[in-house]
A.B. asks: 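One structure, pasted below without further comment.
Here is the naming used below: chain letters follow the sequence lines, and residue numbers restart at 1 for every chain.
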2 protein chains.
Amino acid sequence: MTVDLEGPEPLYEQIAAVLAARIADGTYPQRRRIPSEAAICEEFDVSRPTARSAIRLLNERGLTFTVRGKGTFVAEQQPSDEPAGDGTSG
Amino acid sequence: MTVDLEGPEPLYEQIAAVLAARIADGTYPQRRRIPSEAAICEEFDVSRPTARSAIRLLNERGLTFTVRGKGTFVAEQQPSDEPAGDGTSG
DNA sequence: AAATATTTGTACGTATGTATG
DNA sequence: GCATACATACGTACAAATATT
């Protein structure tokens with residue numbers, strides 16, 4: 001999986017979207033750790049600040065939570081503002 | 001007003017607290033712009049990322065909102081988790 | 001307990017892009 | 001076009017918490 005440097009979306013949003021998709025499809029199971037900042041830097045070839053921005057988004061959206069010295073973990077519940085939304089309505 | 005480099009709180013939290021106090025006491029009135037990132041850098045002698053972190057905190061807490069190219073403005077209402085809290089109960 | 005490695009937290013510096021006036 | 005101001009992104013260093021040896 002890669003990101004689009006030319007796209008309109010910021011890198012950190014694209015990366016957050018990729019990670020969010022992995023959470024949604026179970027690649028990153030609940031309560032389990034997601035890859036470290038360093039690993040995200042490696043995979044997406046970005047700087048640590050950018051990797052951290054992506055994680056920050058996930059945390060803000062309630063998908064994950066971060067514990068210093070341990071890592072970032074998938075939250076047990078992913079709250080949603082769109083209770084019925086799976087995008088298949090149209 | 002200064003910040004405490006030796007203190008336990010991060011610089012950006014200390015700065016956010018100072019700005020929040022100015023919002024609370026009317027130094028920065030509602031709907032009015034607060035100082036620019038550059039001005040905050042100057043006043044507190046910090047880097048732009050640190051100034052931005054402070055502003056981000058204010059935004060997250062609903063005290064302010066930022067408009068790209070214009071500045072950061074005091075929100076019209078400051079939501080509170082402590083409906084009765086003004087600290088004068090004792 | 002000590003040393004080392006891993007991982008996140010804070011902070012600085014800089015460059016470039018985008019939006020407003 | 002220029003000046004101001006925020007947004008994104010890279011690079012780096014050191015501190016603090018955790019985990020392993």
A.B. asks: Hunt down the Watson-Crick or G-U wobble partner of D:dT20, both distances under 3.5 Å, from any strand shown, or write none.
C.D. replies: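 Pairing partner: C:dA3.
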
A.B. asks: Which nucleotide wins on minimum distance to the side chain of B:P10, given the candidates D:dA7, C:dA11, D:dC14?
C.D. replies: C:dA11

A.B. asks: Taking atom CD as the centre, does A:E42 end up with more than 12 heavy-atom neighbours from other residues, nucleotides or ligands that are less than 6.0 angstrom away?
C.D. replies: no

A.B. asks: Whole angstrom is fine here: how far is it from CZ in A:F44 over to P in D:dA9?
C.D. replies: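 From A:F44 CZ to D:dA9 P: 13 Å.
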
A.B. asks: Give the rounded distance in Å between these two atoms: CZ of B:F65 and P of D:dC6.
C.D. replies: 13 Å

A.B. asks: Does any non-hydrogen side-chain atom of A:T50 lie less than 4.5 Å from one of A:I15?
C.D. replies: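 Answer yes - side chains close enough.
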
A.B. asks: B:E60 versus A:E60: any side-chain heavy-atom pair under 4.5 Å?
C.D. replies: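 Yes - at least one pair of side-chain heavy atoms lies under 4.5 Å apart.
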
A.B. asks: Heavy atoms from C-beta onward define the side chain here; which of C:dC12, C:dT10, D:dC6 lies closest to that of B:Y12?
C.D. replies: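 Output: C:dT10.
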
A.B. asks: Using heavy atoms to find the nearest nucleotide of DNA chain D for A:S47 and B:I55 separately, return the residue whose nucleotide is more 5′.
C.D. replies: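 Here B:I55 is the residue nearer the 5' end.
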
A.B. asks: Scan residues 52-74 of chain B for pairs that pass ring-ring contact (aromatic ring centres under 6.0 Å, His included), counting only residues two or more places apart or in two chains.
C.D. replies: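 Residue pairs passing ring-ring contact (aromatic ring centres under 6.0 Å, His included), neighbours aside: B:F65-B:F73.
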
A.B. asks: Check the distance between D:dA9's C1' and A:I15's CD1 and give it to me in whole angstrom.
C.D. replies: 10 Å

A.B. asks: Is there a chain of hydrophobic side chains (I, L, V, M, F, W, Y, each step under 4.5 Å between heavy atoms) that links A:V18 to A:Y12?
C.D. replies: no

A.B. asks: Under 4.0 Å: is that the gap between some side-chain N or O of A:T50 and OP1 or OP2 of D:dC10?
C.D. replies: yes

A.B. asks: By nearest atom, which of the nucleotides C:dC12, D:dA9, D:dC6 is closest to the B:R48 side chain?
C.D. replies: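 Selected nucleotide: D:dC6.
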
A.B. asks: CZ of B:R56 versus P of C:dT10: gap in Å, rounded?
C.D. replies: 12 Å

A.B. asks: Which atom pairs link the protein and nucleotides 2-7 of chain C when you take only N or O atoms and keep those under 3.5 Å?
C.D. replies:
from  : atom 1 : to    : atom 2 : distance (Å)
C:dT7 : OP1    : A:R33 : NH1    : 3.4

A.B. asks: Are B:L19 and B:I40 close enough that some pair of their side-chain heavy atoms sits under 4.5 Å apart?
C.D. replies: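 When only atoms from C-beta onward are counted, B:I40 and B:L19 do touch, with a gap below 4.5 Å.
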
A.B. asks: Atom CZ of B:R52 to atom P of D:dC10: distance rounded to whole Å?
C.D. replies: 15 Å

A.B. asks: Please tell me which of the listed nucleotides, D:dA9, D:dC6, C:dC12, lies nearest to the side chain of A:L11?
C.D. replies: D:dA9

A.B. asks: Is atom CZ of B:R32 surrounded by more than 12 heavy atoms (other residues, nucleotides or ligands) closer than 6.0 Å?
C.D. replies: no

